[in-house]
Participant: 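My structure is below; once you've seen it, I'll send some questions.
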Amino acid sequence: MRIKLQLTFIVVNLLCCAGIVCAQAKPQPPTPREDASAGEISNPAWPPSAVRGAHAMVVTDEALGSKAGVEILKKGGNAVDAAVAVGFALAVVEPEAGNIGGGGFMLVRMADGRAKFVDYREEAPGRATRNMYVGANGKVIPGASTLGYLSVGVPGTVAGMAFAQKHFGKLTLAEDMAPAIRLAKNGFPLGAKLAASLRDSADRLGKFPHSKEIYLNNGKFYAAGEIFRQPILAATLERIAKNGPSEFYAGKTARDLTAQMARHGGLITMQDLKNYRVHLREPVEGTYTARGSKWTIISSPPPSSGGIAILEALNILEPYQLRSWNDAQSVHLVVEAMRRVFADRATFLGDSDFAHVPVAGLLSQKYAAQRRATIDPKNATSSKQIGAGDPAPFDHSQGTPAGSAIEKLSPDAAAAWMEAAAQKSGHTTHYSIVDAAGNAVSNTYTLNDSYGSAVTTTDGFLLNDEMDDFTSQPGTPNMFGLLQSATNAIAPGHRPLSSMMPTIVLRNGKLSFVTGSPGGPRIISATLLSILNWAWLGMDAQAAINAPRFHQQWMPDVVLLEPSFPRAVAKDLEQRGYHLASRQMWIGEVEAIGIDPKTGERLGAPDPRRQGAARGY
Ligand code: DON
């Protein structure tokens, strides 16, 4: 027995010396779980401290994804190569969200200080129309924007990964794709999480023959531990590795995809694929002083709403002294900031390539002061009394806001929707990477729903249902209960508004924290809280991820709390007039990396809520 223990100790040590450090998950008393969305764990084991790596760190929500990233770093790739490797690997091992048929955002900050935002968000096809999901009765057709061929936006992931690799990577696309191709070809042992999630999604996946065949084992299902091979996907990835992104946008993969679309009433054409372009954008940035340091938040610009939302929230919060989430007053102030920024999101945000988004106004300190002045120091404000603000006087950028009114708000319907939507199994995936040179990548990408539209192509990959992120009809909530305006209306070539918001934080000009999350609108709250925990409250990296989260998105006028949220604070909030959602749920899945300011070590902080995995060396 003693020998066995010693052997285990030696093996663990050897692994660590070999350069792989693993999250030490020390089980804690199980937390009761009242709702489990696909991929989330009902009783997660909370790691007490971050995983330390002297050189580099990869944190994803799938151990095989993190391993793929480390493999490429050790081959001489930089953080961007590793991010591309993880992106393709997750498309194989995490088909709920990892993808080549979806889209997302990659925020890159190179060690020399250059920060760029790679926007590879999906686009509406050329034949998409503003009211394509509205039926003859004037109402949104249930499911039309969330299931099947009509819900699919033109995918951006392959273009985005190839673009990032070409502009920022050191290896070749084929080298970065090698781990993914191997995983698809040789297979991998299917984890309990994926096996359960596939069963949970059998209804949707079973509607489409290729999805049924590949993901449901033709209706027989897979058991945890079975080797899951995807030879068709492997062949598609091999063609992309060989021919580059044009394979996906103009080659056999494009022809197969558009032929399938044409057979089933989908809209995407060869022209749509040929027209697809990655947009390299400037990130949005804000600077704040907290705990004696200067913090720079580098985040996601439109078509993400997230960067603007958290910068505006931090502007509103700047004069307040936040103490902890055991302090109801601190929670109150953050919830009120969330309420206001989500009201602004609903009205002003959309694809800034086509509509004027008053970014300068929304981010001005004077505007924040005006929004702050509407906060009651002690009690909840009703969302009905808080509309969008008026950033126009502070907006020095060009143009006038388009569609700055939500035409038909129906908050009561939205409240019911929100409760239902919050229980729904959405799945997106975020990962963070820092390499030995100090290059950092924060990447969030998605198919929108778990398994997207549920349609698998004849080339073995799932397609997104990102069209639901557009405003199907102003005043009618989308699958996340979000109300949106005409600024985010469907139009050919437009990109739907997103909450995904990869973010990088600097402390006194130096890399300090890499963060982001899945979770629909809850992405914004989870990411904001991770930053407040790390920078404002001074938590260590893992504590910043483990801390209980809360969420408010203006409409409906409900506050969501995590099961681990302190009950005394919840009671206090109720006394202040807050409506707490009757069911509790996990909020987001933040996979973060902190930098130890003293040693420069990379602190991998995986989120236990969905079995995050930090691997570094
Ligand atoms: O871009 C967005 O905001 C959504 N499509 C993200 C969806 C999501 O996070 C699903 N759940 N985890």
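None of these values were measured; they are calculated from a predicted model. Indexing begins at 1, ligand by ligand and atom by atom, following the structure's order.
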Participant: Looking only at heavy atoms, is any part of E589 under 4.0 Å from ligand 1, and if so is it the side chain, the backbone, or both, or is it neither?
Facilitator: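 It is neither part, as no heavy atom is under 4.0 Å.
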Participant: So which bit of L497 gets within less than 4.0 Å of ligand 1, heavy atoms only: side chain, backbone, both or neither?
Facilitator: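 Looking at L497 and ligand 1, no heavy atom falls under 4.0 Å.
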Participant: F117 vs F105 aromatic rings, parallel, tilted or perpendicular, using cut-offs 30° and 60°?
Facilitator: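 Answer is tilted, since the angle falls between 30° and 60°.
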Participant: Give a yes/no on ligand 1: does R121 have at least one heavy atom closer than 4.0 angstrom to it?
Facilitator: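 Yes, that is the case, since the closest heavy atom of the residue is under 4.0 Å from the ligand.
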Participant: Okay, side chain of D61, backbone of G612: is any donor-acceptor separation there less than 3.5 Å?
Facilitator: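 Between the backbone of G612 and the side chain of D61 there is no qualifying donor-acceptor contact (under 3.5 Å).
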Participant: Would you mind running through ligand 1 and noting each atom that sits below 4.0 Å from a heavy atom of M500?
Facilitator: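 Checking each atom against M500, I get 1 (O), 3 (O).
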Participant: Just wondering, are more than 12 heavy atoms of other shown residues or ligands nearer than 6.0 Å to NZ in K207?
Facilitator: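 Atom NZ in K207 is packed in, count exceeds 12.
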Participant: Please, which pairs that meet salt bridge (charged side-chain N to carboxylate O under 4.0 Å, His left out) have at least one residue in residues 150-159, sequence neighbours excluded?
Facilitator: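 Found none.
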Participant: Below 3.5 angstrom, do we get any N/O pair linking I523 and ligand 1?
Facilitator: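 So ligand 1 has no N or O lying under 3.5 Å from an N or O of I523.
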Participant: Within the 4.0 Å heavy-atom shell around H427, which atoms of ligand 1 are there?
Facilitator: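 Contacts of ligand 1 toward H427, numbered from 1: 10 (C), 11 (N), 12 (N).
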Participant: Just one of F461, Y276, Y120, F88 clears the ring pair (Phe, Tyr, Trp, His ring centres under 6.0 Å) bar with F248, so which one?
Facilitator: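 Result for ring pair (Phe, Tyr, Trp, His ring centres under 6.0 Å) with F248: F461.
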Participant: For residues 148-156, which side-chain donor-acceptor pairs fall under 3.5 Å, sequence neighbours excluded?
Facilitator:
unit_1	atom_1	unit_2	atom_2	d
Y149	OH	Q260	NE2	3.1
S151	OG	G148	O	2.7

Participant: Within the distance-only criterion (no hydrogens, no angle test), does the side chain of E562 pair as donor or acceptor with the backbone N or O of I587 below 3.5 angstrom?
Facilitator: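 Yes, E562 side chain to I587 backbone: donor-acceptor pair under 3.5 Å.
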Participant: Looking at E466, which atoms of ligand 1 are within less than 4.0 Å of one of its heavy atoms?
Facilitator: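 Answer for ligand 1: 1 (O), 4 (C), 5 (N).
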Participant: Give the atom numbers and elements of ligand 1 that come within less than 4.0 Å of a heavy atom of S499.
Facilitator: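 Once the distances to S499 are compared, the set is 1 (O), 2 (C), 3 (O).
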Participant: Just heavy atoms, cut-off under 4.0 Å: does N448 contact ligand 1 by side chain, backbone, both, or neither?
Facilitator: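 Both backbone and side chain of N448 come within 4.0 Å of ligand 1.
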Participant: Just go through D468, D449, T428 and tell me whose heavy atom is the nearest to atom 6 (C) of ligand 1.
Facilitator: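 Looking at heavy atoms only, the winner is T428.
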